[in-house]
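Model, not experiment: these values are computed from the prediction.
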Amino acid sequence: MGKKRNETLPNLATETIVQIFKDLDFHSLHSCALVNRYLCQVAIPMLWMEPFENIYKETIPLTGGRSLKNMYLTKSIKKLSLLVDTYINCLPEESKFKLTNAGIVGFYKTKYPNYDYPSFLQSLDIISLFLGCRAWLGIRFKYKLASSVETSLLLHQIRILFFELCKLFMSQSMDIKGLYLINKKFSEELECGEKCDDHCLKNCLINRVINPIVNQIPDLPGASKCLTKLECLGTDDNTPIEFLQKISYSCKEIKNLIFAPGFVNIDDKISILSSQNHLKYLILQGYLYDYSPETRQVFEKIFKYLEWLTIDGRYILPIKKLNSFENLVALEVVSKYQCYNQSYDIFKLLADVEFPKLQYLLVDIGISYFKLWSLIISKTTNLKKIVLHWNHRLVQDYVGFVDLTSSIINHCPNLIILKMNWINNYSESINYLLEIFKHCVKLEYFGILNSGIFDEDYYLPLLGNNLPPNLRVLKHLNVPIYYSVESLELFFRSASNRLNAPLNIDLNLFPGHEHSKIAQDYFFTGLTNPAFTKFDYDKRLDYYRCNLRYI
């Protein structure tokens, strides 16, 4: 039987195998490469298109303490060193000679790699490459960094190795579509802990080692060709102005950009925005007060064509007035530092703008502007996902909250996901939730980000009688164990009668508690606890690839 299978596999068109493999994750694809030579030849180029990306996406636990997170980071950095080890053996003899002259010796393998791995690369993470070089040298030569001489030697060797690998990628890669100069996962690893000299800065590795080489990347042999089709560029406030200016000359097809002017005049970095013809996804962060009329015109132009926009809520937008975000599908306004008084200008401006195609709205800031949010929601009937998060302990604006819920009720007939905090006036606000359930009949996910109305079991039977028929998930902090048995039974009985699909609801199921039996009886009636199919938009994946490094 095995022989017959081996005979039929080569009869499948390579294009068909490629399309099948595109739906596989990294580990499944790696397993396919081990089946036989034919599948290996198809899988290897796909495995090496985004090798840094695969390591970056590895999950780091959000709980478990700093030691557990450090363990996962150490594991990831070790994998980066293995990547570097493979790429080093693809270097031309001229580069290997330079490494030897720098004191890096004994790195040759017994034979040349079976594949030209650099030619497959389509996504280059500069920070990960640098950390991989440092880890490879540190592991291989067991530097203890006991003296400033050893530290200086290591930094010199990192520069040489890092630069030669950048040259390798620019000359050998056929088509780099993603170039990232920002990496939040490894941000702490960039802090120099060796005190390389008396003038050492916290980010000296960026300023003294990475950025001088980054500035040279657009000028390296082959760079103008392999970067021509660059689609995704991730930058931060450390990105050199000179690099952005050079990239703006050679790369005109960028679709996804993280733009952060930092503390410099925004006009100095505007070239990367003004030069793009197809910008669709923009993450905008940084100080945006100081801008010229020319800069304002650039932003007004690109905003008309954007499909995804993330705004750091601490700052105003570099425009005075915009009539419409004609093509915007997703809008996110966030504040990483939860500032309570610097987001009003953004919402006041956005409240006057039309959003004919908006499907996704996320707000995550410290204070609420309910009336302004409600105005944004009222500008479209296409919203499918709304996430509203604010510090509910500081907000008891019931009148504004009524405006917000009324806007959702009257303007969101296509809503699939709703996540939000809830005002702490349960007896009054419960009626608005029931109205949301009544009018948003397509709702599949409802989540409350604070305890809210679920603090009292009185409301459970009422909710069960008004659930929208397509609801899959009712998400909140928990259902307290002091809820009465009667309330839970009534809720589950009503849910079973109303819903078209199984419901996922949080329960505190302590061993031996009566709640456990109630839940089991509910499950046995045929309603199980399925995985929820999340709201998805076709272009979210492209946006996420760059956005991943921002959060």
Take I126 and L179 through the side-chain contact (heavy atoms from CB on, under 4.5 Å) test and state the conclusion after the steps. CA-CA 7 Å; I126 292 296; L179 180 60; 4.0 Å; yes
Working note: L244 + I241, criterion side-chain contact (heavy atoms from CB on, under 4.5 Å); need CA distance, chi angles, decisive distance, verdict. CA-CA 5 Å; L244 293 176; I241 296 174; 5.7 Å; no
Are side-chain heavy atoms of [X] and [Y] found at a separation under 4.5 Å?
X	Y	answer
Y249	S271	no
L358	L383	yes
I127	I182	no
F163	L220	yes
K229	E253	no
F299	L284	yes
L121	W48	no
M170	I176	yes

If you round to the nearest 0.5 Å, how far is [atom2] of [Y] from [atom1] of [X]?
X	Y	atom1	atom2	answer
I258	T310	CD1	OG1	9.0 Å
K419	H389	NZ	NE2	11.0 Å
I386	I416	CD1	CD1	11.5 Å
H278	N256	NE2	CG	15.0 Å
I88	C133	CD1	SG	6.5 Å
L257	C251	CG	SG	11.5 Å

Flag, side chain of [X] to backbone of [Y], donor-acceptor distance under 3.5 Å:
X	Y	result
K96	P92	no
N382	P356	yes
S173	P118	yes
Q157	A102	yes
N327	K304	yes
E242	N215	no
N36	L39	yes

Of [options], the residue whose pairing with [X] passes side-chain contact (heavy atoms from CB on, under 4.5 Å):
X	options	result
I254	L273, I272, L282	I272
N211	V209, I213, N207	N207
L124	L230, L129, L181	L129

Using only heavy-atom distances, determine whether the side chains of Y117 and Q172 contain a donor-acceptor pair under 3.5 Å.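 Per modelled atom types, Y117 and Q172 side chains form no pair under 3.5 Å.
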Write down the atom of [X], the atom of [Y], and the distance for their closest heavy-atom approach.
X	Y	result
W308	A330	CE3-CB, 2.8 Å
L168	Y87	CD2-O, 3.6 Å
Y281	L306	N-CD2, 4.1 Å
K98	E164	CD-OE2, 3.3 Å
Y360	L362	OH-CD1, 3.1 Å
A135	S81	CB-CB, 3.9 Å

Over 12 non-hydrogen atoms of neighbours within 6.0 angstrom of NZ in K167: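 Count over threshold, so yes.
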Would you say K301 has more than 12 foreign heavy atoms packed within less than 6.0 Å of its NZ?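 Check fails, neighbour count at 12 or below.
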Could you walk me through whether L80 and F52 pass side-chain contact (heavy atoms from CB on, under 4.5 Å), step by step? CA-CA 7 Å; L80 289 175; F52 299 102; 3.9 Å; yes
Starting from the C-alpha separation in whole Å, work towards a yes-or-no answer on side-chain contact (heavy atoms from CB on, under 4.5 Å) for F130 and I206. CA-CA 10 Å; F130 168 80; I206 294 177; over 6 Å; no
Please find out if less than 6.0 Å separates the ring center of F325 from that of F303.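 Yes: the rings meet the under 6.0 Å criterion.
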